[in-house]
Amino acid sequence: MSDESLEQLRAEIDSLNLELLHLLNRRAELALQIGQRKAELGLAAFDPTRESAMLEQILENNRGPFPDAAIQSLFKEVFKASLDLMNKRHRQSLLVSRWCRRDNTVVEVGGVRLGADLGVLIAGPCSVEGVEQLEEVAAHLARRGVRLIRGGAFKPRTSPYSFQGLGQQALTMLSQVARRHGLAVVTEVLDPRDLEVVLECADVLQIGARNMFNYPLLQEVGRTRTPILLKRSFQATLEELLLSAEHVMSQGNDQVILCERGIRTFERWTRSTLDISAVPLLKQESHLPVVVDVSHAAGRRDILAPLARAALAAGADGLMLEVHSNPAVALSDGEQQLDLPGFDRLLESLGLPGPG
Ligand code: PEP
Ligand code: MN
């Protein structure tokens, strides 16, 4: 074969490559259109029946020299790439997606801006146990420049026989004490039937880890205009967390704060495993502010300071910390709550001494 004819064949291959490239991209465009239509109709992107029908038709028409097996694996790659593209495009079209909204969502509450300010702190007891306890913690937090107090009134306890929270009574205490100290309240709503009373007290409605998959509750709080702190379930993927946030946003409430609070793994030395990679991934995929609850992740107080530093270093907008005036007698989560001097030491280790 002369060099000239070799060059000619090579030129033909080059032009076929470009033709294939063009055809593949044209096919991808069509797949995206199909994906969009399917999403509008509520259908799944992947349709195995359609895929095997297409493969069958392709193989029936295969005249070689590629054997059927080679053609099959080539086309399967094309199908997979198209499906990946459809799923990616669908993810990017969600309200929670960074591609849908480039700028950070900023949730302004209690004089702080989550998503804009650095190292916002949400601190307070696991459960509201009484006015004295709350007053002591609130006064201390206010002195340290904290603006958001947390405290459970309705507690999601694993055992129905454990302390369930003081309910309405706790909400009244929270409102009064927080007002006295100029703090905003973050408290959990467990049940849509309590929403009205919780709304009277809460500046931020917390959806607990156990309720991340409770779609009717998510949609109910989505119809309010109160900021939502949405905690990741200990068994949820990040995609599932974002889809839960989408449930809230789809009802018109775009004031959603995502909260990583540890996931369940085989590790037993911590209560949960803090998934630190969740922080940069959520910031990358979504415009919503991200807070890390180190207390529930660790389940112990001795490693909270390094976890808090890690969370902030990874890009978290804020931290949630459980702080109690006397953790030894706490009615819930005593092992992980910081006492007041412990809280001060943690602040110092973060380089956030506050104005106190
Ligand atoms: C809480 O923050 O009070 C709580 C119960 O945490 P989680 O829902 O993350 O377990
Ligand atoms: Mn707790």
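Numbering of ligands and ligand atoms starts at 1, following listing order. Computed over heavy atoms, backbone and side chain alike; hydrogens, waters and symmetry mates excluded. Small disclaimer: the values here were computed from a predicted structure and weren't measured.
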(request) Provide the closest heavy-atom pair for V256 versus V248 in the form atom of the first, atom of the second, distance. (result)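 Closest pair (atom of V256, atom of V248, distance): CG2-CG1, 3.7 Å.
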
(request) For atom 8 (O) of ligand 1, grab the closest protein heavy atom and report residue, atom and distance to one decimal in Å. (result) A209 N, 2.8 Å

(message) Under the rule for salt bridge (charged side-chain N to carboxylate O under 4.0 Å, His left out), what residues qualify as partners of D302, not counting sequence neighbours?
(response) R300

(request) Return yes or no for this condition: an N or O of D293 is under 3.5 Å from an N or O of ligand 1. (result)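 No - when backbone and side-chain N and O of D293 are compared with those of ligand 1, no distance drops under 3.5 Å.
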
(message) Yes or no: does K155 have any heavy atom under 4.0 Å from an atom of ligand 1?
(response) yes

(request) Please state whether G152 comes within less than 4.0 angstrom of ligand 1, counting heavy atoms only. (result)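 Contact check G152 vs ligand 1: negative.
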
(request) Answer side chain, backbone, both or neither: which part of C259 comes under 4.0 Å from ligand 1, heavy atoms only. (result)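 For C259, no heavy atom sits under 4.0 Å from ligand 1.
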
(message) Taking 4.0 angstrom as the limit and counting only heavy atoms of P156, give me the atoms of ligand 1 inside it, by number and element.
(response)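 Listed by number with element: 5 (C).
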
(request) Output the list of atoms in ligand 1 that are nearer than 4.0 Å to some heavy atom of G208, sorted by atom number. (result) 8 (O)

(request) Between R261, H296, Q206, flag the one that comes closest to atom 10 (O) of ligand 1 by a heavy atom. (result) R261

(message) I want to confirm something. Looking only at heavy atoms, which of K231, E188, M212 is nearest to atom 2 (O) of ligand 1?
(response)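 Looking at heavy atoms only, K231 sits closest to atom 2 (O) of ligand 1.
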
(request) Could you tally the protein N/O/S atoms lying less than 2.8 Å away from the Mn ion (ligand 2)? (result) 4

Using side-chain heavy atoms (C-beta onward) and a distance below 4.5 Å, is [X] in contact with [Y]?
X	Y	value
L195	L205	yes
L16	E19	yes
Q255	R225	no

(message) If we count only N and O atoms by modelled type, under 3.5 Å, do the side chains of R223 and Q251 hold a donor and an acceptor together?
(response) yes

(message) Is it the case that the side chains of D333 and H324 hold a donor-acceptor pair, with the cut-off being a distance below 3.5 Å and no angle test?
(response) no

(request) Could you list who else is in L229's hydrophobic cluster, with ILVMFWY side chains joined at under 4.5 Å, directly or through other members? (result)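 Result for L229 is V107, V109, V112, L114, V120, I122, L148, V186, V204, I257, V291, M320.
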
(request) Please answer whether the main-chain N or O of E322 pairs with a side-chain N or O of Q336 as donor and acceptor at a distance below 3.5 Å. (result)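 No.
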
Show me the donor-acceptor pairs within less than 3.5 Å that the side chains of residues 66-80 make with the rest of the protein, sequence neighbours left out.
unit_1 : atom_1 : unit_2 : atom_2 : d
D68    : OD1    : N62    : ND2    : 2.8
S73    : OG     : A70    : O      : 3.4
K80    : NZ     : D84    : OD2    : 3.0

